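Worksheet for the structure shown next.
As a basis for the values below, the full set of heavy atoms in this structure was taken, side chains included, without hydrogen atoms, waters or symmetry mates. Lettering follows sequence order; numbering is per chain, from 1. From a predicted model like this one, the values you see are computed outputs, not experimental measurements.
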Amino acid sequence: MSGLSVRLRDVARRVAVDLSMQAGRTTALLGPNGAGKSTVLTAVAGTHRPDEVDVRLGGRDLSGLAAHRRRVALLAQDPLLLPHLDALDNVAFAPRAQGRGRREARRLAAGWLETVGATGLEDRRPAQLSGGQAQRVAIARALAAEPEALLLDEPLAALDVDAAPEIRHVLRQVLAGRTVVLVTHDVVDAALLADQAVVLEQGRVVESGPVTDLLSAPRTPFAARLAGTNLLQGRAVDGGLQATDGTVMRGIGGEQLAPGTAAVATFRPDTVAVHAAPPGGSPRTVLPGEVVAVEPSGSAVRLRVRSTMGVLVADLTPAAVAELDLRTGARVHLAVKAAAVRISQA
Amino acid sequence: MSGLSVRLRDVARRVAVDLSMQAGRTTALLGPNGAGKSTVLTAVAGTHRPDEVDVRLGGRDLSGLAAHRRRVALLAQDPLLLPHLDALDNVAFAPRAQGRGRREARRLAAGWLETVGATGLEDRRPAQLSGGQAQRVAIARALAAEPEALLLDEPLAALDVDAAPEIRHVLRQVLAGRTVVLVTHDVVDAALLADQAVVLEQGRVVESGPVTDLLSAPRTPFAARLAGTNLLQGRAVDGGLQATDGTVMRGIGGEQLAPGTAAVATFRPDTVAVHAAPPGGSPRTVLPGEVVAVEPSGSAVRLRVRSTMGVLVADLTPAAVAELDLRTGARVHLAVKAAAVRISQA
Amino acid sequence: MSRVPAWAYLPAALGALLVTLPVLGLVAAIDLGSLPTLLTSPAALDALWLSLRTSTAATVLSLLLGVPLALCLARVPRLDSTLLRTLVLLPLVLPPVVAGLALLTLLGRRGLLGSQLDALGVDIAFSTAAVVIAQTFVAMPFLVVSLEGALRAVGDRHEGVAATLGASPGVVLRRVTLPLVRPALVSGTVLTFARALGEFGATLTFAGSLQGTTRTLPLEIYLQRETDPDAAVALSVLLVVVAVVVIVLARPWQVRR
Amino acid sequence: MSRVPAWAYLPAALGALLVTLPVLGLVAAIDLGSLPTLLTSPAALDALWLSLRTSTAATVLSLLLGVPLALCLARVPRLDSTLLRTLVLLPLVLPPVVAGLALLTLLGRRGLLGSQLDALGVDIAFSTAAVVIAQTFVAMPFLVVSLEGALRAVGDRHEGVAATLGASPGVVLRRVTLPLVRPALVSGTVLTFARALGEFGATLTFAGSLQGTTRTLPLEIYLQRETDPDAAVALSVLLVVVAVVVIVLARPWQVRR
Amino acid sequence: AGCADDETTLTVLAAASLREPMEQLAADLEAEHDGVEVRLSFAGSSELASQVLQGAPADVLVTADEPTMARVADAGLADGAPELVATNRMTIATPPGNPSEVESVDDLGEDHGGDLDLVVCAPQVPCGAAAQRVAETAGVTLAPVSEESKVTDVVAKVAAGEADAGIVYVTDTAGRDDLDAVEIPDRLNTTTAYPAAALTGSAHPELAREMTDLVVADGAGEGRGRLAAAGFEAP
Ligand SMILES: Nc1ncnc2c1ncn2[C@@H]1O[C@H](COP(=O)(O)OP(=O)(O)OP(=O)(O)O)[C@@H](O)[C@H]1O
Ligand SMILES: Nc1ncnc2c1ncn2[C@@H]1O[C@H](COP(=O)(O)OP(=O)(O)OP(=O)(O)O)[C@@H](O)[C@H]1O
Ligand code: MOO
Ligand SMILES: [Mg+2]
Ligand SMILES: [Mg+2]
């Protein structure tokens, strides 16, 4: 197999994963804080040694190799620019280390700085850069290494609203055809930059597959929240799913599941209707709840509502929000049409 | 005046601002990377001394005061936890420094750690925390100082998709009634947490006012992009605005402006129609362009299109995107109805 | 996996041998049979006890004066002058005999300050106090140098954060600055104690050599060497053992947990 | 605005006075009229020239061996043993006379290694080479200590990043590690040179005192003091001046820009 | 120096107290032999003896007492029997003008010397042993504030005014204006002898012998004459 595969166990950090990532593809590594994402990346790069580790890249066994022989560049969560070099020489570091002449390396570096929108910062020492500027330089530095595999730990954090899409655009071009692992908390990055996705929780892989599948049919609550979709876990019953609290969410697609099988119900936030009083009417589930958050989401407004089945998300038009006078603490009833709820095996 | 006012000039960093923020309110400090946001915060906190500085808080002149007498807590862009203390003692640091007993301080600290979802990390040294965990502890530490003014530099960066809304929720409650300055690149944070907004660009204040005004009627391109709105700058002409490239964007609201006055045209992304071929018809502006990015935005899809008037943003339904087969590089025509374009004085 | 270039091991080993072999040779040279008698003579015990007392006093004095001095040099921008730092470093580089001469020109009976003190009836020369002063003079710069370097290396960003959390400079010093530089503080203190323990030339020149009062272990060794080289070697090994014990005892405090 | 507690200034000033006043007193004590004659005597010039040559050689030797040694101690986890570090520190704390004795027991004509070398016709003791060895023995640990502390303080995270960018350990050392610890490297080198320049007891014991061959400036000062205290003071000031020049010249390299 | 083939270097180790006459004698030898350079090393006698025993390359040794020379001779390192070149006697040194008004050895005793700072050599070294003998003969118990390892350290402390009095060799005070001497009468005084020897390790045995002979030779301007001029007495 020619991709990147990692098997590792780190007792102190309680991380034990076994992953394979396709060659030439970008895999998004997702998961809550402390799930073990950075641990996986540093183990692949060779800067952290877990208790057990087996890393293979394009058929090479990296496990025993020193970091500098792995041809794997890591953009760590902390930019860690070399404080004694200016921005240009930081970026030129990898080409120089790989044997290019000083002028050539600097020329390449200047190009990468331009690519990430950091032209004009060439002469600055890291201490003289703002947070976002440092992040851009660090991205340029990792890209300049032209590695066989690129590991990016939250590359777009700290970037301003102009830079984030610009650099996302740059990354999309640069990453194409490379083996990349991208850690991110932003679903937009995952959706736009990655082909595959892996979700870690508490040091274990809980979900993996194509990004589009993960976002359209998440199987774990974390992935669902990431995808902005609602997901409920429970057991299949006739015509729906019974949550742990006993409530039944009516839905379709679970017909071929044996009753009692572990299953999930997913439904998009814009299919959830919000009412001030319990509505009547046919095949739908109605859940009472309390609004815990009101946030803009694109041009819609997203409500988070705590119900007996957990926190559910509903997207409304600004007009509807104003009309219902929805604010944090308001008591509402959520109605979900059975046709919009997909039941599938967990 | 009882709020927070800052006047400063820093020659080396090319920052010169004069700001006042209301007491008991949260002000979002927005702007591109390197605009001077962190410089303002550190000057207010007293950890950076610009060439000239005048800071007043609630009638007190802080300019000459040592940092520890300012009663201003700063959550810096880098969490800077004290490496020799565990998470609990890091958070207990401020209560202890303010004279509380060790037990009392630890009790308070444990409460704050719980608030930010970091229960269970009490005994960890900063080196043993993941990026997001460290960020949570740093937030708890700043909150535990119970300062008169709180300065937060990108507090929600590095947080996972569960933590961000949770901590945003916590902050909303904690910040209420306090004087807070919040640096962020995320419009959701600004919208949800702040009352006022100030936009810095290249070390200067370019816009300020209530957050809602800024988001609904931005006056600068940066604010517009932040708000997810389109904004064009130019001069008022009869029935619209003439951009620097000569193109006229037709719109309403500019009637009382003398022709030639500097003006801006704003219009929401969901009012921009995208066509494969130039459409005909009444009062609208049609601009040819090239798709440079396709991104999800809530349940819609956001296109960024480079036109002669600059990069414009259009929101479409996923269905429309699929139908038109829109992807990066596609050539399209943008149509904007005059009725949706607001012309106002710049 | 180690990031040390492979070629570095050879010179490192040579370096380690160069500094360790002579000491091991010294230890190998002692005559074990006569050791107990040599080490328990009243002169040796007096010298050991005097050395321990004066070195401890010099170390405490160095801490009391040297920590604030290092702090000021590292943190008060106005004081960041090459001149002051150089003057503070000088005792490190002066031959001990010159250090003793320098102390005499200041505190000797005819010295600038000494003559004033003499008039007041205070006589420093030939007293145990003179030993402590000589040891402090040559040893304190070790503490100042290692501490100042560490203070600059850790930077002041954590101190800034602590200040915004309401910590006064005193609290910052106690709860942030000193804990952050603890490894350097401990190793600086050990070096200071050890240097004070080994002080010879300045003590001889400034304080003289009288059993029980000013004749510290190194002076006793020097004297023994004239008549009984074996005893000198045995005492040298005693001194090495004391130094090793101090270094080893201090080690756990040095490791940043 | 300074973050140094106000009370710290008093002990800092006392500390600074304690270490600087004696040296200033020494400088004040010289007789300017006779200075030129004293400093240009053949003996003084020989001693100065010998001191400069041997100190330079000892410094170079210390760098060649001490930098790899510090690197191994700081970066090779297996070597992080208290024992090895203690042994390396010992020369710092040995009285120079004991250091000289130790060198003799190893490299003297009757020493463990010296007797082998003697058989081969190589005679180290009482030669200029012995001076360099004695100086290296006492001075190299300064370099190792300050460098190792700095290496630990800067940590290895930047080295890790550099390695993932394809830099081999040698490149990491040259382009990342050494630049990061440059201030410590420079001040360690200066201390080493200065300590070598001031070395007295070990040189006297191991190398003897022969004009032009082993009588370095500190030995010349010691000798002069017996007959002509003024000349001794003048030479001491000369030594101070050389040390100050070295410290001052090295200063710009120490500041992290 | 010493790079040319026709240049010979002779190394002479001598007790510190012999410095002045030895420098003159070295110049004498150099004047007699073209291309010969004499290098002198002065230190405490025991120090020098230890160096020779440790293999210091030297041609001639002159010490301040016989037992010390015996250590070298017993080790078989002396070329022939050592010969005495001079003797010395003790005196009381005081700072110029004798401010403490020391008049005799009696004034140095512990019952008189309450606030008198006396410095002597430690009994373990030759000059200290001699001082001890003087005190015993005078029936005085000394109460020094410091017991130095070398006579020159005593001289330095008295000359610097740090000490009020010291017991040193007569030659140490001769010709110095920063020291006054209080004579010790013959009945209380004691004599020390200076032996010289050529060394077996010498690369120039002829020249080494010649130097030794020069030191012991009779006649003004040479050996004994030079020594006498510096205050030494004949053996
Ligand atoms: N040096 C360390 N020693 C012990 N535990 C550690 C260390 N570094 C991290 N951990 C722990 O290991 C777990 C995994 O950490 P890791 O940094 O891989 O998380 P992450 O997924 O990158 O989180 P984040 O999104 O917050 O960056 C966490 O529980 C963390 O507290
Ligand atoms: N120590 C310094 N010395 C000189 N210039 C500096 C220093 N720190 C920052 N700058 C420069 O000052 C300007 C303002 O920096 P600042 O850190 O305030 O930006 P910011 O608005 O916080 O940016 P970001 O969003 O990237 O954090 C930038 O151009 C930056 O490069
Ligand atoms: O050998 Mo001496 O003359 O006692 O110092
Ligand atoms: Mg991480
Ligand atoms: Mg910033």
Side-chain angles (χ1 to χ4, degrees), chain A residues 41-49 62 65-86 89-100 102 105 109 112 123-128 137-138 140-153, chain D residues 1 3 63 67-68 70-80 143 146-190 250-257:
Chain A
L41 257 49
T42 48
V44 172
T47 59
H48 169 63
R49 294 250 143 186
L62 304 187
L65 283 186
H68 71 285
R69 298 195 194 284
R70 296 192 176 198
R71 298 209 298 273
V72 169
L74 168 65
L75 172 63
Q77 213 163 348
D78 175 343
L80 284 177
L81 295 175
L82 299 172
H84 57 289
L85 299 180
D86 62 24
D89 282 338
N90 261 284
V91 179
F93 186 88
R96 293 271 287 142
Q98 289 162 18
R100 306 216 191 215
R102 175 185 296 249
W112 283 113
D123 306 334
R124 299 268 190 99
R125 293 285 174 118
Q128 301 170 321
V137 175
R141 185 177 63 170
L143 294 176
E146 306 258 13
E148 196 173 325
L150 190 57
L151 312 174
L152 304 173
D153 206 341
Chain D
M1 104 129 281
R3 291 192 198 101
L63 282 170
V67 171
L71 204 64
C72 289
L73 284 175
R75 291 284 187 270
V76 181
R78 271 165 292 143
L79 290 183
D80 182 16
L143 184 69
S146 53
L147 207 56
E148 195 211 340
L151 284 169
R152 288 183 180 274
V154 301
D156 61 0
R157 301 175 66 209
H158 287 102
E159 295 171 6
V161 171
T164 72
L165 294 171
S168 66
V171 172
V172 170
L173 179 64
R174 193 159 36 80
R175 300 241 306 142
V176 180
T177 312
L178 292 183
L180 281 178
V181 296
R182 197 183 63 184
L185 184 61
V186 175
S187 64
T189 306
V190 170
R251 185 74 195 143
W253 293 97
Q254 234 174 307
V255 180
R256 176 171 290 167
R257 283 163 310 188

N/O donor-acceptor pair under 3.5 Å between A/His68 side chain and D/Leu165 backbone: no

Proximal component of A/Ala76, with respect to chain D [non-hydrogen, under 4.5 Å]: neither

Heavy-atom closest contact (D/His158 atom, A/Leu80 atom, distance): CD2-O, 3.4 Å

Which portion of A/Leu151 sits near chain D, non-hydrogen atoms under 4.5 angstrom: neither

Single hit among A/Thr47, A/Thr42, A/Val44 for side-chain contact (heavy atoms from CB on, under 4.5 Å) with D/Thr164: A/Thr47

Expected output: side-chain A/His84 to main-chain D/Arg175 donor-acceptor under 3.5 Å: yes

Which atoms of A/Ala127 approach chain D - backbone, side chain, both or neither, heavy atom under 4.5 Å: neither

From CZ (D/Arg157) to CG (A/Asp78), nearest 0.5 Å: 4.5 Å

From CA spacing to verdict: side-chain contact (heavy atoms from CB on, under 4.5 Å), D/Val161, A/Arg141: CA-CA 10 Å; D/Val161 171; A/Arg141 185 177 63 170; 3.2 Å; yes

